Amino acid sequence: MSLHIFNTESRQKEMFTPINPNQVGMYVCGITVYDLCHIGHARVMVVFDTVVRHLRTLGYSVNYVRNITDIDDKIIKRALENGESIQALTGRMIAEMHADEMAMNVLRPDEEPKATEYMDEIKLMIETLVQKGFAYPAKNGDVYFKVKSFEQYGRLSGKNIDDLEAGARVEVNNIKQDPMDFVLWKASKENEPSWNSEWGAGRPGWHIECSAMATKCLGNHFDIHGGGMDLSFPHHENEIAQSECATGEHYVNTWMHCGFVRIDDEKMSKSLNNFFTIKEVLKVFHPEVIRYFLLASHYRSPVNYSQENLESARASVGRLYSALELVAPAKATQNTAFEASFMAVMNDDFNTPKAMAVLFDLAKEINKSKDAGLAGLLVKLGNQIGLLEQDATTFFKSQPSQSELTDEAIEQLIVERKEARANKDFARSDEIRDLLSEQGIELLDSSEGTTWRKG
RNA sequence: GGCGGAAUAGCAAAGUGGCUAUGCAGUGGAUUGCAAAUCCAUCUACCUCGGUUCGACUCCGGGUUCCGCCUCCA
């Protein structure tokens, strides 16, 4: 049983074999930090977090690198609008991003290189490309990559250079030798942050940042490179061109791209202004509910964000936790068919929806058998994909809710209801149940007494 | 125009050349003072038209519709 991953470049599932046995180098394109992260960003974070967790479960030592783009046109523009410095803006947004990740139970990457801290590597790579004849400085101080000098350009996206030119959506620019050429170094305008270089003051283009950082952190040739679908062209195509021309080595073995989060069947994005930030959604839904929602579809498929879908996800996660509330987990039972299926489906290109189905089958078995070892196994397998990390009671009490009631006030009402029930005053008892129900608080009676939960 | 991806029950979402996916919701029953949770049973499927096949939702071909990329984008 071995891991198979769908490689965007070959458009098929391939058996995964790391370059160095037992070690995996993985680079994922991170965020441009000019605003808060939205649910689309959350998907990339959660998907690749799940990939890393599974690779580690398989015993690989993973070096997970995810960059931060902390210099770019949008950042400059936003800082100016806000009347704050670029560092203040990016520093704030990076802190917010880390807070979002922590809330979502996303493990921090092993390295988070920032573009502004890799200027030497970036300039060196551009220099090499110019020296080797793959790039040229233009008269205005920009430096461009000569797309036609790389014969294999288009091999990742399956695009043909001639078709691209016919598309006529490329920037009109008489400074470039060819309309397809893309910028490696941008001459700075007045009042823009800049770094000195042999081509004059400027800053790097977006594509070269990733090539330089990935190469510096993981070497010229590494195992996995990931990102959102929209990055496969032109960003990743350009990375291949830059890196392979500069180093002369094959850049990446496996390309992974995750699908979009949609709103009303349209891509969620900042430019369309139809996005929900992670923070907004966390106000309404528990982080594990959001994580479940994102993993309940295959990572390459689109997911549609909606209130209904999140509510359904909440009920589903609740079913898993109900089993754990019913049976306190003990040490996980070893060598079960459940675990074998779970591993098998995860090894099949990270089929998390099928992995969930295994979890539900397991939950059903726990409900029937009351087997504490199986409950432990449910927790163990859930944890492998970043779910079921909480105690069941804590989970049910920590659902975001509109309730104004304090825990003490709720307990108070439960005591009052207990007395009413003892006196067979069921009218008052039901009144209290309804009152709490309106606040989103559910009461659960059992032989051991009454407990409550939110949601 | 070029390249790529989708169409599965009320909703969400996997998958398979013949064998119950799974979850939410619904229905009937057990259980409960009433509920919740749970268990048992149960109703809803594979866009369309052809072809291959003993047999296709699954393979092949033609349609239709939707989405993404080709410009910054996760």
Side-chain angles (χ1 to χ4, degrees), chain A residues 8 11 28-32 34 37-48 66 69 72-74 154 157-171 180 182 206 226-235 237 257-262 265-272 275 292-293 296-298 300-304 306 308-323 325-327 345 348 351-361 363-364 366-368 370 396 421 424-427 429-430 433-434 437 442-447 450-453:
Chain A
T8 307
R11 299 218 176 79
V28 170
C29 289
I31 314 292
T32 300
Y34 71 100
C37 294
H38 58 61
I39 291 297
H41 299 123
R43 188 173 191 198
V44 173
M45 292 174 178
V46 165
V47 161
F48 289 103
R66 195 187 58 206
T69 297
D72 135 293
D73 289 345
K74 284 181 180 166
S157 55
K159 291 183 195 298
N160 172 305
I161 299 184
D162 301 327
D163 294 339
L164 289 169
E165 285 185 277
R169 283 175 94 175
V170 284
E171 190 189 344
M180 283 310 299
F182 59 88
W206 177 43
M229 289 272 186
D230 47 357
L231 300 190
S232 68
F233 190 91
H235 187 235
E237 196 73 70
H257 291 98
C258 85
F260 296 125
V261 176
R262 298 178 180 171
D265 287 323
E266 213 175 30
K267 174 183 171 182
M268 177 188 290
S269 78
K270 293 203 174 150
S271 22
L272 291 170
F275 62 91
Y292 174 92
F293 163 71
S297 304
H298 186 82
R300 285 187 277 116
S301 310
V303 296
N304 221 337
S306 71
E308 297 72 47
N309 291 165
L310 266 294
E311 274 165 14
S312 171
R314 178 170 57 196
S316 303
V317 179
R319 176 168 169 84
L320 260 19
Y321 269 114
S322 289
E325 195 175 46
L326 187 72
V327 183
V345 299
D348 182 15
N351 194 333
T352 51
K354 241 179 160 179
M356 304 292 192
V358 175
L359 260 28
F360 284 109
D361 290 343
K364 192 181 199 90
I366 293 164
N367 287 333
K368 281 202 270 197
K370 313 282 189 289
F396 287 120
R421 290 177 77 207
K424 301 250 190 270
D425 182 359
F426 295 121
S429 167
D430 291 346
R433 178 188 286 291
D434 293 345
S437 177
E442 255 185 281
L443 294 183
L444 312 166
D445 296 326
S446 76
S447 52
T450 301
T451 57
W452 60 272
R453 54 165 70 163

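Just so we're on the same page: letters track the sequence lines, and every chain starts at 1. Atoms considered below: every heavy atom in the structure, side chains included; atoms not considered: hydrogens, waters and symmetry mates. Everything numeric in this text was worked out from a predicted model, so none of it was measured.
Atom C1' of rG4(B) sits at a distance of 29 Å from the matching atom of rA9(B), rounded to the whole Å. Between rC46(B) and rC57(B), the distance separating the two P atoms is 8 Å to the nearest Å. Comparing the same atom, P, in rA35(B) and in rA45(B) gives a spacing of 31 Å after rounding to whole Å. A gap of 11 Å separates the C1' atoms of rG18(B) and rU58(B), to the nearest Å. With both ends at atom C1', the span from rA74(B) to rC69(B) equals 14 Å, rounded to whole Å. When the C1' atom is used for both rA13(B) and rA21(B), the distance is 10 Å, rounded to whole Å. With both ends at atom P, the span from rU42(B) to rU20(B) equals 12 Å, rounded to whole Å. Going from the P atom of rU16(B) to that of rC47(B) covers 16 Å, rounded to whole Å.
Along RNA chain B, the nucleotide nearest to M356(A) and the one nearest to S446(A) differ in position, and the one closer to the 5' end is contacted by M356(A). Nucleotides of RNA chain B nearest to D265(A) and C258(A) differ in position, and the one nearer the 5' end is that of D265(A).
Across all strands shown, V261(A) has heavy atoms under 4.0 Å from base atoms, whether or not it also approaches the sugar-phosphate. Counting any heavy atom pair closer than 4.0 Å across all strands shown, G40(A) reaches a base atom. Residue contacts for N160(A): at a heavy-atom cut-off of 4.0 Å it reaches no nucleic acid atom on any strand shown. Residue contacts for F260(A): at a heavy-atom cut-off of 4.0 Å it reaches a base atom on one of the strands shown. Heavy atoms of L326(A) sit nowhere under 4.0 angstrom from any nucleic acid atom. G30(A) comes within 4.0 angstrom of the backbone, heavy atoms only, and of no base. Looking at heavy-atom distances under 4.0 Å, M45(A) makes no contact with the nucleic acid at all. Residue F426(A) is classed as a base contact, given a heavy-atom separation below 4.0 Å to a base.
Taking only distance into account, the side chain of D73(A) never meets the base of rC72(B) through a donor-acceptor pair shorter than 3.5 Å. A donor-acceptor contact under 3.5 Å links the side chain of K159(A) to the base of rC69(B). Side-chain atoms of R433(A) and base atoms of rA35(B) include a donor and an acceptor less than 3.5 Å apart.
In this entry the distance linking CD of E266(A) with P of rG68(B) reads 6 Å, nearest Å. N367(A) has its CG atom 11 Å from the P atom of rG23(B), to the nearest Å. Taking atom CZ on F275(A) and atom C1' on rA74(B), their separation rounds to 13 Å, with Å as the unit. The interatomic distance linking D425(A) (CG) with rC34(B) (P) rounds to 16 Å, in whole Å. For the pair D361(A) CG and rG23(B) C1', the interatomic distance rounds to 11 Å; values are reported in whole Å. What separates NE2 of H235(A) from P of rC69(B) is a distance of 16 Å, to the nearest Å. The interatomic distance linking K364(A) (NZ) with rC39(B) (P) rounds to 5 Å, in whole Å. Computed from coordinates, the L320(A) CG to rU38(B) C1' distance equals 14 Å when rounded to whole Å.
For rC40(B), one of the phosphate oxygens OP1 or OP2 lies less than 4.0 angstrom from a side-chain nitrogen or oxygen of K368(A). Distances shorter than 4.0 Å separate some side-chain N or O of R319(A) from OP1 or OP2 on rU38(B).
For L444(A), counting side-chain heavy atoms from C-beta on, the closest listed nucleotide (rC72(B), rA74(B), rA35(B)) is rA35(B). Nearest nucleotide to the D445(A) side chain, out of rG33(B), rA74(B), rA36(B): rG33(B). Closest to the A357(A) side chain, of the nucleotides rG23(B), rA74(B), rA21(B), is rA21(B).
The residues R421(A) and D445(A) are annotated as salt-bridged, a charged nitrogen and a carboxylate oxygen being separated by less than 4.0 angstrom. In summary, D265(A) and R262(A) engage in a salt bridge, as defined by a charged side-chain N under 4.0 Å from a carboxylate O.
Under the 4.5 Å side-chain criterion, counting only non-hydrogen atoms from C-beta, P234(A) is not in contact with M180(A). Side-chain contact between R66(A) and V44(A): absent, with no pair of heavy atoms (C-beta onward) separated by less than 4.5 Å. Using a 4.5 Å heavy-atom threshold, the side chains of C37(A) and M45(A) count as touching. Using a 4.5 Å heavy-atom threshold, the side chains of K74(A) and K270(A) count as separate. Looking at M268(A) and H38(A), their side chains come closer than 4.5 Å, going by heavy atoms from C-beta outward.
N304(A) CG to E266(A) CD: the interatomic distance, rounded to the nearest 0.5 Å, is 10.5 Å. In this structure, Y34(A) OH and D72(A) CG are separated by 8.0 Å, a value rounded to the nearest 0.5 Å.
A pairwise comparison of heavy atoms in S157(A) and E237(A) identifies OG-OE1, 2.5 Å as the closest pair.
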What one-letter contact string describes nucleotides 4-16 of chain B from 5' to 3', where B marks a base within less than 4.0 Å of any protein heavy atom, S marks contact via sugar-phosphate atoms alone, and - marks no contact? S-------SSSS-
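T8(A) and H257(A) form a side-chain donor-acceptor contact under 3.5 Å, judged by distance and modelled atom types alone.
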What do the steps show when you test K267(A) against D230(A) for side-chain contact (heavy atoms from CB on, under 4.5 Å), and what is the final call? CA-CA 10 Å; K267(A) 174 183 171 182; D230(A) 47 357; 3.3 Å; yes
For RNA chain B, the dot-bracket pattern of Watson-Crick and G-U pairs whose distances stay under 3.5 Å, | for other-strand partners: (((((((..(((.....[...))).(((((.......)))))....(((((..]....))))))))))))....
